[in-house]
Amino acid sequence: MARIAVNRNETDNDGPDVLRWLDRMLIRLCQKFGDFQKEDANSFKFPDNFTLYPQFMFHLRRSMFLQVFNNSPDETAYYRHKLMKEDVSNSMIMIQPYLYSYSFNGPQSRCYWIQ
């Protein structure tokens, strides 16, 4: 999805339109795969294999790949090129970096932000 969004952003050259498109795709995915009860906003649930997708979209929308504010055109082109050439695992790390916690009492461990 990130590569499609970056490609659309490069070809259409309209940033807000790509963000609206990403929002529509996320809403359609939630409507199709989400489970909820009417009149209860807290009942919405995703299947286990989709739980990280909304936070990935959150980070993608705010990443340097789609937001060009405070970046030169050269930087934007460089970051988008690197995203398109990297494999999936490196691309996901570029969009949503890992967060590690350190402790005096034990080894470092990776933190997960799951709602």
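In what follows, residues are counted from 1 in the order of the sequence shown. The structure displayed is predicted, hence computed values, not measured ones.
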Enter the distance from Glu75:CD to Arg80:CZ here, rounded to the nearest 0.5 Å. 12.0 Å
Could you tell me which non-hydrogen atom of Arg3 sits nearest to which non-hydrogen atom of Val88, and how far apart they are? NH2-N, 4.1 Å
Treating Ile, Leu, Val, Met, Phe, Trp and Tyr as nodes and any side-chain heavy-atom pair under 4.5 angstrom as an edge, say whether Phe58 and Leu29 lie in one connected cluster. no
Can you say whether the rings of Phe50 and Phe46 are parallel (under 30°), tilted (30 to 60°) or perpendicular (over 60°)? tilted
Looking at side-chain heavy atoms only, is the closest gap between Trp21 and Ile4 below 4.5 Å? yes
Of all heavy-atom pairs linking Ile95 and Ala2, the shortest is CD1-CB, 3.4 Å
Could you measure the distance from the CG atom of Asn9 to the CG atom of Asn7? Nearest 0.5 Å is fine. 9.5 Å
Pairwise distance NE2(His59) to CG(Leu66) - rounded to 0.5 angstrom: 13.5 Å
More than 12 heavy atoms of other residues, nucleotides or ligands under 6.0 Å from CZ of Phe36: is that the case? no
Are Leu52 and Gln96 side-chain neighbours, meaning at least one heavy-atom pair lies under 4.5 Å? no
Does atom CG (Asp48) have a neighbourhood of more than 12 heavy atoms from anything else shown, all under 6.0 Å? no
Reported OG-to-CE distance for the pair Ser91 and Met84, which is rounded to 0.5 angstrom: 9.5 Å
If I take atom CG from residue Leu19 and atom CZ from residue Arg24, how far apart are they, to the nearest 0.5 angstrom? 11.0 Å
Non-hydrogen side-chain atoms of Asn90 and Lys82 separated by less than 4.5 Å: no
Using 0.5 Å steps for rounding, measure from the NE2 atom of His81 to the OG1 atom of Thr76. 14.5 Å
Compare every heavy atom of Met94 with every heavy atom of Phe65, then report the nearest pair and how far apart it is. CZ-CE, 3.7 Å
Closest heavy-atom pair and its distance - Met64, Asn71: CB-ND2, 3.7 Å
Less than 4.5 Å apart, any side-chain heavy atom of Met1 and any of Leu22? yes
Determine, using the 4.5 Å side-chain heavy-atom cutoff (strictly less than), whether Phe56 and Ile93 are members of one ILVMFWY cluster. no
